[in-house]
Amino acid sequence: MSTTLMMPTNDPQSMRYMGLGLGTPLPPPRVLGETRAYVPNISARLLRITQDQVSVYRIEAALNQAWIGFLAAWAEINDLMLVNPIIRGLRKHLKAGVKSYLNRLQVTPPTNIDPSRAALAEEISNDVRNAIENNADAPFTTLLDSHVECELRGGGLIEPSWKCFPAGTPNAGKWYWTGFRLIPQHYTRFDRFSGEIGLAASAFQYLGQPVSSFLPGTFIAVTPESAIPDFSKRGTYRSVLTDWFAMQNVTGWWQDDIERLGSPIVAATYDNDADRETVNAAIKEMGAQGGIAYRKGGDVKLVERSARTGPMGSAHNEFETTRVQRMSIAFLGAAQTIKIDANTGSQQSSDNMAEVADDVVADHWEHFFADVRRDLIQVYVGLNYGLENVDLTPIFGVDFEEAAEAGTTLDAYTKGGAIGVPVGEGFARKKLKWPAPGPGEKPLGVPVADPAVAETVAVGGGPKSLPAAPGDGTQTNK
């Protein structure tokens, strides 16, 4: 008698459920333009943990769940890590450093297109730039802040909200984004088989709806370090987890050390057992009374404790300082940033505090452009200019080069021209970051003797010849 092993129907999908990966879409895709509420319910609050509840076993359990794509428990630990003032400060410093380059954003049309479509590509590029720079309801700083947070956590979802101008308005029928919302990490899931990110209906739901099953433009998917197959090993917070947990333990030991060895002790001498009891009682009451009474002829004095080991006078303080430096490298790419060593010069400290490493900033911007262009800007172009023109979606970049010092640079260019090594105006403007005067703008520092000259200079033309004065016998060139 033979036995046949009966496999479940739709075996690959069943295996996905057995592996706690992402299953088939549960609710149908929502309509573009709707809003979604993420309000924790009573059961979701059961995931909340406090500082005293964190242990090696609890962290291990959260990482094991994150390995199979369930991030709710790991999200709660990430939130708890943000209570640490060092991590919170590094996080704010990083976000401020990345956002400081937003005013250098470059939006240019793609170059590898049919010349007959160049005008449309330029129009789309200008429209996208205007949507980015002049949308007070949904500033790009909010989107950039949320994107950096997703990268720190090892992945996440950002939900843009969309609206369409109603009929009868100047832009009737045109779509635009009205806000960006970071999805709580508790609702984020990863498919352990495909690596795709998805959304769960609740914090306790293991299965999530793949983001690809939603309408384009519903979510901006952020999946950094996707080359690492283990989801529990992605993100900056994960890289500083060991240091953060160690600092929590050391802080408790440090407080015990301060209480036990950081304060002077009372040393008293006595001649007999009766005096001993009297002195002990007086020492116990010393904290409340602020003084001590003892037998005449006795000896009572305060004895200072010896300094703790380590260059900074405390092994615990030295340990914390090195942890902070390690965290600074993970967040900012430099060690001397948040906590300044006593032996560090003020100028060096100021320089270190002022900047985030350029390679860290550039890496964040590179991922930001890829994700936002794919999931937001291409959708914007498709909605407003047609899917056939999505290939005209602009290219984004950031100018990381600092503007040259004007006085020294202009002097060098002038001297170079005098010896036969001239510099073009376009090159000089790029180095100095000086834009050319726009139509109708009055150029500064240009002597103008006639309104006609001012008009031609403002529009970029050369000055016309001045008309001759009456009776001087000269001829005007026109």
Side-chain angles (χ1 to χ4, degrees), residues 32 98-144 147 158 160 162-165 170-180 215-222 358 361-403 424-441 458-461:
L32 190 66
V98 174
K99 288 188 288 187
S100 66
Y101 287 86
L102 187 58
N103 59 347
R104 303 184 189 181
L105 180 65
Q106 298 174 336
V107 184
T108 56
T111 56
N112 56 339
I113 58 174
D114 190 327
S116 62
R117 306 172 68 198
L120 178 59
E122 185 69 30
E123 177 187 347
I124 294 176
S125 177
N126 293 334
D127 182 26
V128 169
R129 172 177 287 278
N130 179 69
I132 293 174
E133 296 180 347
N134 300 316
N135 192 336
D137 296 331
F140 243 50
T141 52
T142 303
L143 176 57
L144 188 55
H147 191 276
I158 305 171
W162 296 83
K163 283 188 178 180
C164 185
F165 286 101
N171 294 315
K174 184 174 184 179
W175 287 88
Y176 64 102
W177 56 79
T178 60
F180 306 102
L215 290 176
T218 303
F219 295 109
I220 300 172
V222 184
D358 289 341
V361 174
D363 183 67
H364 279 286
W365 274 105
E366 180 181 356
H367 295 161
F368 176 78
F369 289 143
D371 297 335
V372 171
R373 187 176 187 271
R374 178 193 66 238
D375 295 335
L376 181 75
I377 305 301
Q378 285 187 347
V379 175
Y380 178 86
V381 174
L383 288 172
N384 295 311
Y385 295 91
L387 295 178
E388 68 277 8
N389 292 315
V390 168
D391 62 320
L392 301 181
T393 301
I395 306 300
F396 296 91
V398 168
D399 186 4
F400 291 101
E401 186 177 356
E402 295 287 343
E425 177 186 349
F427 178 82
R429 289 189 181 279
K430 180 179 179 180
K431 284 292 183 182
L432 297 170
K433 300 193 184 299
W434 285 3
E441 284 187 318
V459 297

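Taking both residues in full, the closest heavy atoms of Glu123 and Tyr385 are given as OE2-CE2, 3.9 Å, listed atom of the first, atom of the second, then distance. For Pro110 against Pro394, the heavy-atom pair with the smallest separation is CD-CA, 4.2 Å. Taking all atoms of both residues into account, the shortest heavy-atom contact from Trp177 to Asn135 is O-ND2, 2.8 Å.
For His364, there are no ring-ring contact (aromatic ring centres under 6.0 Å, His included) partners at least two apart in sequence or on another chain. Taking Asn126 as the reference, Glu122 meet the side-chain contact (heavy atoms from CB on, under 4.5 Å) condition, with sequence neighbours excluded. Residues satisfying the side-chain contact (heavy atoms from CB on, under 4.5 Å) criterion with Val390, sequence neighbours excluded, are Gln378, Leu387, Thr393. With sequence neighbours excluded, the residues that form a side-chain contact (heavy atoms from CB on, under 4.5 Å) with Thr141 are Lys99, Leu102, Pro139. Residues that satisfy the side-chain hydrogen bond (donor to acceptor under 3.5 Å, both in side chains) test with Ser116, not counting sequence neighbours, are Asp114.
Look at Lys174 and Asp127 and you find a salt bridge, because one of the NZ, NE, NH1 or NH2 atoms lies within 4.0 Å of a carboxylate O, short of that distance.
Considering OG1 of Thr111 and CD1 of Ile395, their distance stands at 7.5 Å, rounded to 0.5 Å.
When only modelled atom types and interatomic distance are considered, Asn134 and Arg129 share no side-chain donor-acceptor pair under 3.5 Å.
Proximity of a side-chain donor or acceptor of Arg104 to a complementary backbone N or O of Gly397 within less than 3.5 Å is not detected.
Note on residues 370-388: pairs passing salt bridge (charged side-chain N to carboxylate O under 4.0 Å, His left out), not counting sequence neighbours, are Asp371-Arg374.
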